[in-house]
Engineer: 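Here it is, the structure, as structure tokens.
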Amino acid sequence: MPIPKNYTSSIRLTAKEKAFRQLQNWIIDGTLEPGEKLYDAEIAEAIGVSRTPVREAFQLLEVQGFIETFRGRDTRVTSVSKEDVQTIYLPLASLQALAAKLAAPTITEEQIAILKDINARYKQAIYDKDVTKTVEMDGNFHTFILELVENPYITNFTSVLQLHIQRLEFVFFKQEHIPKEESIIEHESIILAFENKDSKRASEIMEQNWLRPMKEVYQLM
């Protein structure tokens, strides 16, 4: 897929950060497709940086598993196999369920109101068929719960996994025949469990919220 020519950055970043974030976004949303060959000069021109920060971004993205470099040959976006689905979803489902369990006893009314607002925007994005906004709001919902726990180990372990799942979600949410309302209902059930300070219920529904789409994405692959 061609590199976009109308790229603009709205915040101040170093050249390395700019290249890294944009490449990461392009891989996650499918602009750069699995198996696509990456040319540092072309990317540098599109983003408006030199080739050095692009190469540095390549190194970071390879550590995260988004690209692979073949010495003496080329650099390509990693493919996503059917086996990768369970490898990514299962540990994230467990960590997110733990976060919900830990957040339930101490979550405040104000924080619950924020989750309701995020879920309302998530619901609207689904009805608007805005895939980018849908993935963003779903990520915001789960990230906010992670932040409530204030456990850096849970947050750090989930961050890269969640990025890889967002990559799969762009495929999932583009499928017209899949009933996405189930995810909205699950979010609402998680919020209700928080309101009732029910750690067990919050954990169970959170795990279900990840394992259900795992099965559906697996069937799509």
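Bear in mind that the values here come from a model prediction, so they are computed numbers and not experimental data.
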Engineer: When you compare the side chain of Met137 with that of Gln124, does any pair of heavy atoms fall below 4.5 Å?
Structural biologist: no

Engineer: Would you confirm whether Asn196, through its side chain, and Asp198, through its main-chain N or O, come within 3.5 Å as a donor-acceptor pair?
Structural biologist: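 Absent.
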
Engineer: In the structure I gave you, are the side-chain heavy atoms of Val77 and Phe66 within less than 4.5 Å of one another anywhere?
Structural biologist: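 Side chain of Val77 against side chain of Phe66, heavy atoms only: no contact under 4.5 Å found.
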
Engineer: Distance-only criterion, 3.5 Å: show the donor-acceptor pairs between side-chain atoms of residues 146-153 and protein atoms not counting sequence neighbours.
Structural biologist:
unit_1 : atom_1 : unit_2 : atom_2 : d
Asn151 : OD1    : Tyr153 : N      : 3.0
Asn151 : OD1    : Ile154 : N      : 3.2

Engineer: Please find the pair of heavy atoms, one from Leu102 and one from Pro105, that lie closest to each other, and give the distance.
Structural biologist: O-CD, 3.3 Å

Engineer: Less than 4.5 Å apart, any side-chain heavy atom of Met214 and any of Val85?
Structural biologist: yes

Engineer: Grouping I, L, V, M, F, W and Y whenever their side-chain heavy atoms are under 4.5 Å apart, do Trp26 and Leu163 come out in a common cluster?
Structural biologist: yes

Engineer: Consider only side-chain heavy atoms of I, L, V, M, F, W and Y, link residues closer than 4.5 Å, and tell whether Leu90 and Tyr218 are in one cluster.
Structural biologist: yes

Engineer: I'd like to know if the side chain of Gln96 pairs up with that of Gln162 as donor and acceptor (distance under 3.5 Å, no hydrogens or angles considered).
Structural biologist: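 Indeed, the side chains of Gln96 and Gln162 share at least one donor-acceptor pair under 3.5 Å.
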
Engineer: Does atom NZ of Lys215 have more than 12 heavy-atom neighbours, drawn from other residues, nucleotides or ligands, at distances under 6.0 Å?
Structural biologist: no

Engineer: Quick one: do Leu115 and Leu98 end up in the same hydrophobic cluster if we chain Ile, Leu, Val, Met, Phe, Trp and Tyr together by side-chain heavy atoms under 4.5 Å apart?
Structural biologist: no

Engineer: Is any NZ, NE, NH1 or NH2 atom of the basic residue among Glu181 and Lys123 found under 4.0 Å from an Asp or Glu carboxylate oxygen of the other?
Structural biologist: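 Result for this pair is no, no salt bridge flagged.
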
Engineer: Nearest 0.5 Å please: distance from the CD1 atom of Ile88 over to the CD atom of Gln86.
Structural biologist: 11.0 Å

Engineer: Can any side-chain N or O of Thr87 pair as donor or acceptor with the backbone N or O of Glu83 at less than 3.5 Å?
Structural biologist: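 The answer is yes, because a donor-acceptor pair under 3.5 Å joins these two groups.
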
Engineer: Using links of under 4.5 Å between side-chain heavy atoms of ILVMFWY residues, direct or through other members, which residues join Val63 in one cluster?
Structural biologist: none

Engineer: Nearest 0.5 angstrom please: Ile191 CD1 to Ile205 CD1, how far?
Structural biologist: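 Output value for this atom pair is 12.5 Å.
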
Engineer: Could you check whether Asp74 pairs with Arg76 (Lys NZ or Arg NE/NH1/NH2 to Asp/Glu carboxylate O, under 4.0 Å)?
Structural biologist: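 Yes, this pair counts.
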
Engineer: Can you find a pair of side-chain heavy atoms, one from His187 and one from Asp138, that are under 4.5 Å apart?
Structural biologist: yes

Engineer: Assess whether side-chain contact (heavy atoms from CB on, under 4.5 Å) is satisfied between Asp29 and Thr132, documenting all intermediate values.
Structural biologist: CA-CA 8 Å; Asp29 69 15; Thr132 299; 5.5 Å; no

Engineer: What closest approach, in Å, do Ala19 and Ile47 show between heavy atoms, and which atom pair accounts for it?
Structural biologist: CA-CD1, 3.9 Å

Engineer: Does any non-hydrogen side-chain atom of Ile114 lie less than 4.5 Å from one of Ile118?
Structural biologist: yes

Engineer: Mind checking the CD1-CD spacing from Ile190 to Glu207? Nearest 0.5 Å is all I need.
Structural biologist: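 Reported value, rounded in 0.5 Å steps: 11.0 Å.
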
Engineer: Are side-chain N/O atoms of Thr69 and Arg55 paired as donor and acceptor at under 3.5 Å?
Structural biologist: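 There is no such pair between these side chains.
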
Engineer: Can you tell me if Asp84 and Ser81 form a side-chain donor-acceptor pair at under 3.5 Å?
Structural biologist: yes

Engineer: Determine, stepwise, if the pair Glu136 / Gln166 fulfils side-chain hydrogen bond (donor to acceptor under 3.5 Å, both in side chains).
Structural biologist: CA-CA 9 Å; Glu136 178 189 352; Gln166 285 180 354; over 6 Å; no

Engineer: Working to the nearest 0.5 Å, report the span between CG of Leu92 and CD1 of Ile165.
Structural biologist: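 One gets 4.0 Å once the value is rounded to the nearest 0.5 Å.
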
Engineer: Under 6.0 Å from the CZ atom of Phe144, do we count more than 12 heavy atoms belonging to anything else shown?
Structural biologist: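 Yes, the 6.0 Å shell around CZ holds more than 12 heavy atoms from other groups.
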
Engineer: Return the minimal non-hydrogen interatomic distance between Ala193 and Ala202, and the atom names on each side.
Structural biologist: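 Scanning both residues completely, I find the closest heavy atoms to be CB-N, 3.6 Å.
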
Engineer: Check whether any side-chain N or O of Glu45 sits under 3.5 Å from a backbone N or O of Glu42 as a donor-acceptor pair, and report yes or no.
Structural biologist: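 Flag not set: sc Glu45 to bb Glu42 has no pair under 3.5 Å.
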
Engineer: Rounded to the nearest 0.5 Å, what separation is found between the NZ atom of Lys197 and the OG atom of Ser199?
Structural biologist: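 Nearest 0.5 Å value for the NZ-OG distance: 9.0 Å.
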
Engineer: So, Ser183 and Tyr122: side-chain donor and acceptor under 3.5 Å apart, yes or no?
Structural biologist: yes

Engineer: Taking the side chain as every heavy atom from C-beta outward, state whether Tyr127 and Thr134 have any atom pair closer than 4.5 Å.
Structural biologist: no

Engineer: For Lys82, is the NZ atom crowded, meaning more than 12 foreign heavy atoms sit under 6.0 Å from it?
Structural biologist: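 Yes, because the 6.0 Å sphere around NZ of Lys82 holds more than 12 heavy atoms from other groups.
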
Engineer: For Lys133 and Asp128, run side-chain contact (heavy atoms from CB on, under 4.5 Å): C-alpha distance rounded to whole Å, both residues' side-chain angles, the deciding distance at 0.1 Å, then the answer.
Structural biologist: CA-CA 9 Å; Lys133 195 69 174 179; Asp128 291 341; over 6 Å; no

Engineer: Quick test of your reading of the model: are Glu182 and Arg212 salt-bridged, counting only N-O distances below 4.0 Å?
Structural biologist: yes

Engineer: Look at Glu195 together with Lys116 and state whether they make a salt bridge at an N to O cut-off of under 4.0 Å.
Structural biologist: yes

Engineer: State whether a side-chain donor-acceptor pair under 3.5 Å links Gln208 with Glu186.
Structural biologist: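 Yes, a side-chain donor-acceptor pair sits under 3.5 Å.
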
Engineer: Indicate yes or no: at least one non-hydrogen side-chain atom of Thr78 is less than 4.5 angstrom from one of Pro34.
Structural biologist: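 A side-chain contact is absent here, since even the closest heavy-atom pair is not under 4.5 Å.
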
Engineer: Please answer: with hydrophobic residues joined when any side-chain heavy atoms are less than 4.5 Å apart, are Tyr39 and Val54 in the same cluster?
Structural biologist: no

Engineer: Treat each ILVMFWY residue as a node, draw an edge where side-chain heavy atoms are under 4.5 Å apart, and state whether Val49 and Leu23 are in one component.
Structural biologist: yes

Engineer: For the pair Glu62 and Thr75, evaluate side-chain contact (heavy atoms from CB on, under 4.5 Å) and give the outcome as yes or no after the intermediate values.
Structural biologist: CA-CA 9 Å; Glu62 187 164 21; Thr75 299; over 6 Å; no

Engineer: I need the minimum non-hydrogen distance between Leu61 and Phe20, along with the two atoms involved.
Structural biologist: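 Looks like CD2-CE1, 3.7 Å.
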
Engineer: How close do Ile184 and Asn119 get, counting heavy atoms only, and between which atoms?
Structural biologist: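 Nearest pair, atom of Ile184 first, then Asn119: O-ND2, 3.7 Å.
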
Engineer: Side chain of Ser203, backbone of Ala100: donor and acceptor closer than 3.5 Å?
Structural biologist: no

Engineer: Do you know which two heavy atoms are closest between Tyr89 and Trp210, and how far apart they sit?
Structural biologist: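 Nearest heavy atoms, Tyr89 then Trp210: CD2-O, 3.3 Å.
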
Engineer: In Å, rounded to the nearest 0.5 Å, how long is the span from CZ of Arg201 to CG of Leu192?
Structural biologist: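 CG of Leu192 is found 8.0 Å from CZ of Arg201.
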
Engineer: Donor-acceptor pair, Glu36 side chain versus Glu33 backbone, under 3.5 Å?
Structural biologist: yes

Engineer: Looking at side-chain heavy atoms only, is the closest gap between Leu60 and Glu56 below 4.5 Å?
Structural biologist: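 Not in contact.
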
